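As the structure is a computational prediction, the values presented were derived from the model and not from experiment.
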2 protein chains.
Amino acid sequence: MKTVLVVDDEPRIVELARDYLEHAGFAVLTAVDGPSALKAARARKPDLLVLDLGLPGMDGLDVARAIRRDSTLPIIMLTARDDELDRVLGLEIGADDYVTKPFSPRELVARIRAVLRRIDRESEPGDRIEASGVSIDIARMRVDVDGRTVELTPTEFQLLVALARQPGRIFTRSQLLDAIHGLAFESYERAIDAHVKNLRRKLEPDPSRPRYVQTVYGVGYRFAEERE
Amino acid sequence: MKTVLVVDDEPRIVELARDYLEHAGFAVLTAVDGPSALKAARARKPDLLVLDLGLPGMDGLDVARAIRRDSTLPIIMLTARDDELDRVLGLEIGADDYVTKPFSPRELVARIRAVLRRIDRESEPGDRIEASGVSIDIARMRVDVDGRTVELTPTEFQLLVALARQPGRIFTRSQLLDAIHGLAFESYERAIDAHVKNLRRKLEPDPSRPRYVQTVYGVGYRFAEERE
DNA sequence: GCCGCGTGTGAAGGACTCGTGAACGTGACC
DNA sequence: GGTCACGTTCACGAGTCCTTCACACGCGGC
């Protein structure tokens, strides 16, 4: 059974969500402000976070950033229409999806299910990835290559994980942006290039001739396939 | 460039969507009722359909069902709040996503992009073309022929895929140009010749006597049909 | 066999793509 | 307030790919 943490300052909303989510078969945790949301997220390890953008005091964006700094917990943002929505779409927080208020509880349930499905599907290989001599410990955010341990930033790490989950498979820059930020974010595709450069510098024995993160001209990047 | 077909009976909505979508780099087709939407979907082959649920006459759900009967065209539903939304969620019409009215144009654009990314991400390796001894892995952009693996440029690859999808069928140069670039791109038809030459050099055991990519004098090219 | 026309081919130019270093903005930490 | 780490953006150079052109060759009709 999946656990969902719902954060909103209006008790009415929280209770409405709780009713529907429990009815839909989720375990529900709740919080009414940013700090307690952070605490609950760390202590109780929910599978997904439903987060109101307009929290008093500590803003929903701040909460999301704080969470994303050290975990990949999926986040669905709750926003009032228009102005708030634009903030989610345009600004830098990588929400996996968003629902606008006033929301239909059924819509919320549907979007939660959709996000969880997507996450499941993409994260099958447990918490460790082995590919072509690179070993990735997802929980610890640690990467070993050729015996040495490499320190990566969160972005570099997510990029590597996205690629290494399916060695050989080609990803466009747009897909990689998705993997890093989630749905709600637009930015310059070539930012990916910069991350690839940094990743290669740390990962590759000879960055000028990549062995792991290969570029596919005119398309994107891929992680090298196992080939004897 | 991707093409989106927008269907709504309110011209105001259609025009709003057109503005934003074109600005976001999509080619936009429009329709104001069910029958003409079906016609446009078949004739113009858009990459995605934005479909109002509350069409007069032929309902949006009917349109979606009719389309889904013979294609996998991705569909984003436009719905008024609440009651209509429930119909989308409840009746398992295979919409890929939905947006509630009144919608933010940016949200529509974001969801369209997300669906399109998801779609071409799902061309899993398993999506292969096998024809006459040539094996094409779409997601990996890899081609195996007679045991050896061949590296192709994006254009060469698209050309080969277009031909090999329907072995034996003859394509004119103009059709092949369409397959390589989207429609609406003019260039010298004989550019195809150059790509065919390069493709043959990489693919054929003896490029001067093509076994796979054959010339049909006065018409165009075709991929060799399976024989005995 | 000859001729017209379509096709194969190599080379050249230009367009596009990628790698890189550097600058800028932001938030975290001291 | 200052420093630091990180992510993003920009501009430039280098390299790859696409297109075009010119010419040679081959096909089909007469």
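- Going from atom CZ of B:F157 over to atom C1' of D:dT16 covers 19 Å, rounded to whole Å.
- Summarising the geometry, the separation between CG on B:N198 and C1' on C:dG8 is reported as 11 Å, rounded to the nearest angstrom.
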Q: Mind running side-chain contact (heavy atoms from CB on, under 4.5 Å) on B:E189 and B:L177 for me, showing each step along the way?
A: CA-CA 7 Å; B:E189 289 202 343; B:L177 272 182; 4.3 Å; yes

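- A rotation axis mapping the C1' atoms of four pairs onto the next four is fitted at both ends of the helix from C:dG1-D:dC30 to C:dC30-D:dG1 over five pairs, and the angle between these axes is 30° to 10 degrees.
- The phosphate of D:dT19 has OP1 or OP2 within less than 4.0 Å of a side-chain N or O from B:H181.
- Rounded to an integer number of Å, the gap from CD1 of A:I170 to C1' of C:dT17 is 15 Å.
- With sequence neighbours left out, the side chain to side chain contact (heavy atoms under 4.5 Å, CB included) criterion links A:T3 to A:A27, A:L29, A:P46, A:D47.
- Scanning for side chain to side chain donor-acceptor pair (under 3.5 Å) contacts around A:R209 gives an empty result, with sequence neighbours left out.
- Rounded to an integer number of Å, the gap from B:I192 CD1 to C:dT9 C1' is 16 Å.
- Rounded to an integer number of Å, the gap from CD of B:Q214 to P of C:dG8 is 12 Å.
- With C:dG8, D:dT20, D:dT9 as the candidates, the nucleotide lying closest to the side chain of B:Y221 is C:dG8.
- Put simply, B:S208 has no side-chain N or O that comes within less than 4.0 Å of OP1 or OP2 on C:dG8.
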Using a 3.5 Å cut-off and no angle test, enumerate the donor-acceptor pairs between side-chain atoms of residues 216-224 of chain A and protein atoms at least two apart in sequence or in another chain.
unit_1: A:Y221; atom_1: OH; unit_2: A:R173; atom_2: NH2; d: 3.3
unit_1: A:R222; atom_1: NE; unit_2: A:Q214; atom_2: OE1; d: 3.1

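- Note that the CG atom of A:L160 and the CD1 atom of A:I136 stand 4.0 Å from one another [nearest 0.5 Å].
- Contacts of B:E22 classified as salt bridge (charged side-chain N to carboxylate O under 4.0 Å, His left out), with partners at least two apart in sequence or in another chain: B:R18.
- Closest approach to the A:T215 side chain among D:dC10, C:dT7, C:dC18 is made by C:dC18 (side chain taken as heavy atoms from C-beta onward).
- Distance A:R190 CZ to C:dA22 P: 17 Å, rounded to the nearest Å.
- Between A:K197 and A:K202, the residue anchored nearer the 5' end of DNA chain D, judged by the nucleotide with its closest heavy atom, is A:K202.
- Rounded to an integer number of Å, the gap from CG of A:D206 to C1' of C:dT20 is 15 Å.
- Contact between the side-chain N/O atoms of A:R173 and the OP1/OP2 oxygens of C:dC18 is found at a separation under 4.0 Å.
- B:L163 CG to B:L199 CG: the interatomic distance, rounded to the nearest 0.5 Å, is 7.5 Å.
- Residue contacts shown for A:R200 are limited to sugar-phosphate atoms, with no base heavy atom under 4.0 Å away.
- Counting only residues at least two apart or in different chains, salt bridge (Lys or Arg N to Asp or Glu O under 4.0 Å) contacts with residues 152-164 of chain B comprise B:E156-B:K202.
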Mind listing the N/O atom pairs, protein and nucleotides 24-30 of chain D, below 3.5 Å?
unit_1: D:dG26; atom_1: N2; unit_2: B:Y217; atom_2: OH; d: 3.4
unit_1: D:dC27; atom_1: O2; unit_2: B:Y217; atom_2: OH; d: 3.2

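- If you check C:dT9, D:dT19, D:dG7 against the side chain of B:D193, the one that comes closest is C:dT9.
- Annotation: side chain to side chain contact (heavy atoms under 4.5 Å, CB included) contacts of B:K197 (sequence neighbours excluded): none.
- Distances shown here put every side-chain N or O of B:T153 at or beyond 4.0 Å from the OP1 or OP2 atom of D:dT16.
- OP1 or OP2 of D:dC18 sits under 4.0 Å from a side-chain N or O of B:T155.
- In this structure, A:R113 has no side chain to side chain donor-acceptor pair (under 3.5 Å) partners at least two apart in sequence or on a different chain.
- Each of D:dT9, C:dG21, D:dG7 was ranked by its minimum atom distance to the side chain of A:R201; first place goes to C:dG21.
- A:H195 has its NE2 atom 16 Å from the P atom of C:dG21, to the nearest Å.
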